[in-house]
Participant: 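I have a structure here, written as structure tokens, and I will follow up with some questions on it.
Numbering of residues begins at 1 and proceeds along the displayed sequence.
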Amino acid sequence: MNRTIKIRDLTLRDGQQSLFATRMTQAQVDRVLPLFKDAGFYAMEVWGGAVPDSVMRYLNEDPWERLEKIKAVIGDSSKLTALSRGRNLFGYNPYPDSVIEGFNRNAIQSGIDIMRIFDALNDADNIRSTIKYVKENGGIADCTVCYTVDPRFSKKERLMGFLKGKPLPQKIFTIEYFVNKAKELESMGADMITIKDMAGLIPPVKSGIIIKMMKEEISIPVDFHTHSTPGYGLASVLTAIMNGADIIDTCIMNFAGGPAAPAFEIIQIFCNKLGISTGVNTPVIAKINKELKEIRKELADFDSYQIFPIEFDLESDFLPYEVESLFDRAIELADAKKERELLETTQAIEKHFNFPPPNDMVRLAEVPGGMYSNMLAQLKQLKLDELLPRVLEIIPGVRLAAGCPPLVTPTSQIVGVQAVNCVIDENNGKPFYTNKSVQFVNLVKGLYGKTPTPIDPQFRKKITGSPKEVAYNPDDYKKQENPTLDEFGGAKLATTEKEELLLELFPAVANNFLSNRIEKKYMAEINAIEDEKRRKFEEEKQAYESLTAEEKRKKIEEGLYNFEWTTYERGKT
């Protein structure tokens, strides 16, 4: 092996979030942690994203305790990674530096080594403060360039724009755009750069070119992250590896494929053929995968695919000749930049391992899978799902008008919801933007940061009532209330800084979670007091029963016992 590459395992965060709605319980996580410790991945993404919200909302578990329990087992065998949205942390709205500092400090103290920081607008200013606080607290700042594609317009739409004196842009998200973003983040103090293709839309040739150019322009490590939804994922990871990526994100097989990342096992086979060492203890991978299969069965209610990959052990199983040759062929095609044939070959490999087929609707629409499914669900709820083709048709225009934000969470959802609103307006005989979501208004206003392209002041006036851009002002932030719960002995809802942060970041969910925990604790204390009273009562009762009749009479006369007590009526001592 003349080259090494590092593997960041996403199984316990992105993998389960993409496939099973983040429903793994702490008990299920605990079952695989000792095996993951032995695997020795460079890093494990275990926290952030939807984890803090979901474990409180659906599992009634403490997200800080989850992180600390994982760290207690994994120790220093792998670096633990979390995902956050820079100034937005986990929601749509920005937070002041006091909240950002507190969150990152506590996350690192609880076990996070690498904070992966992204901004849905690729606005580096929204990442700046997180870089500062992560590094000040001894963490590694992994700064993200979110990959996205240009809006797709028809020739007719382009001609109409030209005739109206408003020509549509030709290219926005060029290779130079992504490389320049990486350079900007490096200059701000990033310790590594991740190309984050959350929608899985980056084709393999472009993946290789971006990686190659970034490696030429920046001096820090480059990580490549993608998903398999539209069928590009495996091929794009291969070209990223062949063009010098330092770190690759994967999931273990039973938590891979479809809307999740490509499978580690397949990537390891490619690395073996390329003479690249991953440093992973491969004999333990099959053991992890076996346990993950049982956990996946337990999560069947949240598994929308119900398609299990074949059982495969890197150490003991051999590939059929025709599949083995597909791996060799894919490497040749990637080297020759023959994209169509490469995609056919890597998709044939995934078919052999029984991964879900590419989602052609997502590929053709060029929108993230989650955005697509959410728009469809929104229309189905209104029994208007026949309007979906029209929604897909107007997304480019809605997106361009709003400054062409990347289609990543949460901007993908903001644009998607607004596109649906516009089509519903049209269906009801009303002009576009009659109904506007609060988030869309805030995006156009400028509260979420700088958009990749400027927003027309007249459009901003139409949406917000003013042509002026309004930046986020931390002085406008209102801290969440931390009430006293008189019904539970006057306890405060949040009693520690970590609980206060949960309340700031997830107000409604944390309120329910913390209230339930306080009620449970209060009732346990009440029951403990009652149990102690019962214990003392029984002791006194037994002592009384052991007395003679004369001794009992004297005790009563002395006032040590009363008549009611001698009838053993509780509470009358």
Side-chain angles (χ1 to χ4, degrees), residues 13-14 17 22 45 47-54 56-57 63 81-107 112 115-134 139 141-148 181 185 188 190 194 196 198-199 368 370-371 374 402-403 405-418 437-452 469-480 500-510:
R13 204 289 296 173
D14 199 317
Q17 180 174 323
T22 322
E45 188 180 71
W47 208 66
V51 167
D53 180 297
S54 293
M56 288 190 291
R57 185 191 298 266
T81 301
L83 175 69
S84 77
R85 296 178 189 161
R87 184 164 286 285
N88 292 38
L89 291 175
F90 295 101
Y92 285 28
N93 298 315
Y95 288 93
D97 279 8
S98 58
V99 177
I100 298 170
E101 187 279 331
F103 165 75
N104 285 286
R105 172 169 42 81
N106 279 279
I112 291 300
M115 185 63 72
R116 175 176 277 171
I117 317 153
F118 80 97
D119 177 68
L121 298 178
N122 276 335
D123 183 350
D125 282 340
N126 283 341
I127 293 176
R128 189 184 303 275
S129 57
T130 301
I131 295 174
K132 174 186 175 184
Y133 296 127
V134 166
D142 173 13
C143 297
T144 296
V145 179
C146 292
Y147 179 81
T148 191
K181 282 292 175 185
L185 291 168
M188 289 169 55
T194 290
K196 189 169 178 61
M198 297 165 67
M371 177 182 176
N374 284 349
L407 292 181
V408 297
T409 305
T411 48
S412 57
Q413 307 307 330
I414 295 173
V415 170
V417 167
Q418 188 56 53
S437 73
V438 173
Q439 289 80 17
F440 188 77
V441 172
N442 288 340
L443 172 64
V444 173
K445 185 179 289 186
L447 293 182
Y448 298 153
K450 291 284 186 184
T451 51
E469 181 178 357
V470 179
Y472 168 70
N473 184 353
D475 293 338
D476 294 336
Y477 184 78
K478 294 180 67 175
K479 186 176 173 65
Q480 294 294 321
E500 289 177 358
L501 284 165
L502 294 179
L503 204 55
E504 291 298 314
L505 301 175
F506 315 97
V509 175

Participant: Report the residues that fulfil salt bridge (Lys or Arg N to Asp or Glu O under 4.0 Å) with Asp14, sequence neighbours left out, ordered by chain and then residue number.
Facilitator: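 Salt bridge (Lys or Arg N to Asp or Glu O under 4.0 Å) check on Asp14 returns nothing, list empty.
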Participant: Grab the two heavy atoms, one from Gly48 and one from Ala82, that are nearest each other, plus how far apart they are.
Facilitator: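 The answer is N-CB, 4.2 Å.
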Participant: Do we see a donor-acceptor contact under 3.5 Å between the side chains of Thr194 and Arg116?
Facilitator: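 Yes.
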Participant: Can you tell whether the side chains of Asp125 and Arg87 come within less than 4.0 Å, N to carboxylate O?
Facilitator: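 Looking at Arg87 together with Asp125, the answer is no, because their closest N to O distance does not fall below 4.0 Å.
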Participant: Indicate yes or no: does Glu504 engage Lys479 in a salt bridge with an N to O separation below 4.0 Å.
Facilitator: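 Here Glu504 pairs with Lys479 in a salt bridge, since their nearest N and O are under 4.0 Å apart.
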Participant: Between Val408 and Lys196, is any pair of side-chain heavy atoms under 4.5 Å apart?
Facilitator: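 Val408 vs Lys196: side chains apart.
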Participant: State, yes or no, whether a side-chain contact exists between Asn126 and Pro94 at a heavy-atom distance under 4.5 Å.
Facilitator: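 Asn126 does not reach Pro94 side chain to side chain.
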Participant: For Phe90, does its backbone N or O pair with a side-chain atom of Arg85 as donor and acceptor, under 3.5 Å?
Facilitator: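 Side chain of Arg85 to backbone of Phe90: a pair is present.
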Participant: Does Glu469 offer a backbone N or O that forms a donor-acceptor pair with the side chain of Lys445 under 3.5 Å?
Facilitator: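 Judged by distance alone, no pair lies under 3.5 Å.
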Participant: For a quick test of reading the model, state the closest non-hydrogen atom pair linking Pro452 to Gly403 and the distance between them.
Facilitator: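 Heavy atoms of Pro452 and Gly403 come nearest at CD-O, 3.2 Å.
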Participant: If you measure from CG on Asn88 to OG1 on Thr409, what distance do you get to the nearest 0.5 Å?
Facilitator: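 Answer for the CG-OG1 pair, Asn88 versus Thr409, is 12.0 Å.
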Participant: Between Tyr472 and Tyr477, is a side chain to side chain contact (heavy atoms under 4.5 Å, CB included) present by the stated rule, with each step listed?
Facilitator: CA-CA 9 Å; Tyr472 168 70; Tyr477 184 78; 4.0 Å; yes
Participant: Looking at every heavy atom in both Asp119 and Asp123, which two are closest together, and how far apart are they?
Facilitator: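 Distance-wise, the nearest heavy atoms are OD2-N, 2.9 Å.
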Participant: Which heavy atom in Ala402 sits nearest to a heavy atom in Phe440, and how many Å separate them?
Facilitator: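 Ala402 and Phe440 have their closest heavy atoms at CB-CE1, 3.8 Å.
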Participant: Nearest 0.5 Å please: distance from the CZ atom of Phe118 over to the CE atom of Met198.
Facilitator: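 With rounding to 0.5 Å, CZ (Phe118) is 4.5 Å from CE (Met198).
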Participant: Could you check whether any side-chain heavy atom of Thr144 comes within less than 4.5 Å of a side-chain heavy atom of Ile117, counting everything from C-beta outward?
Facilitator: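 Counting from C-beta outward, Thr144 and Ile117 never come under 4.5 Å.
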Participant: How long is the gap from CG on Leu83 to CG on Leu89, to the nearest 0.5 Å?
Facilitator: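 Here the rounded value is 11.0 Å.
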Participant: Working to the nearest 0.5 Å, report the span between OH of Tyr147 and CG of Asn122.
Facilitator: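 Interatomic distance, Tyr147 OH to Asn122 CG, rounded to 0.5 Å: 12.0 Å.
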Participant: Does any non-hydrogen side-chain atom of Gln439 lie less than 4.5 Å from one of Gln418?
Facilitator: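 When only atoms from C-beta onward are counted, Gln439 and Gln418 do not touch, as no gap falls below 4.5 Å.
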Participant: Is there a donor-acceptor pair under 3.5 Å between the side chain of Trp47 and the backbone N or O of Ala107?
Facilitator: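 Side chain of Trp47 to backbone of Ala107: no pair is present.
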Participant: Atom CZ of Phe103 and atom OG of Ser98: how far apart are they, to the nearest 0.5 Å?
Facilitator: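 So the gap between those two atoms works out to 14.0 Å.
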Participant: Atom CD1 in Ile100, atom CZ in Arg105: separation rounded to 0.5 Å?
Facilitator: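 Spacing of CD1 (Ile100) from CZ (Arg105) equals 13.0 Å.
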Participant: So do Leu443 and Leu121 actually touch side chain to side chain, heavy atoms under 4.5 Å?
Facilitator: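 Counting from C-beta outward, Leu121 and Leu443 do come under 4.5 Å.
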Participant: Quick one: side chain to side chain contact (heavy atoms under 4.5 Å, CB included) partners of Asn374, sequence neighbours excluded?
Facilitator: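 If we apply the side chain to side chain contact (heavy atoms under 4.5 Å, CB included) test to Asn374, skipping adjacent residues, the hits are Gln413.
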Participant: May I ask you to decide if Leu407's main-chain N or O and Thr411's side chain share a donor-acceptor pair within less than 3.5 Å?
Facilitator: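 No.
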Participant: Under a plain distance cut-off of 3.5 Å, with no hydrogens placed, do Tyr95 and Glu101 share a side-chain donor-acceptor pair?
Facilitator: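 There is no such pair between these side chains.
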Participant: May I ask you to test the Cys143-Ile131 pair for a side-chain heavy-atom distance under 4.5 Å?
Facilitator: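 In short, these two side chains touch, coming nearer than 4.5 Å.
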Participant: Would you name the heavy atoms of Met115 and Ser84 that are closest together and state the gap between them?
Facilitator: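 Smallest heavy-atom distance, with atoms named: SD-OG, 3.9 Å.
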Participant: Treating Asn442 as the side-chain partner and Tyr448 as the backbone partner, does any N or O pair qualify as donor plus acceptor under 3.5 Å?
Facilitator: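 No.
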Participant: Heavy atoms only: give me the nearest Ala141-Val134 pair and the separation to one decimal.
Facilitator: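 Here Ala141 and Val134 meet closest at N-CG1, 3.9 Å.
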Participant: Is the closest side-chain heavy-atom distance between Leu185 and Val145 below 4.5 Å?
Facilitator: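 In short, these two side chains touch, coming nearer than 4.5 Å.
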Participant: What I'd like to find out is whether the side chain of Thr81 reaches to under 4.5 Å of the side chain of Ile112, using heavy atoms alone.
Facilitator: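 Of all side-chain heavy-atom pairs linking Ile112 with Thr81, none is under 4.5 Å.
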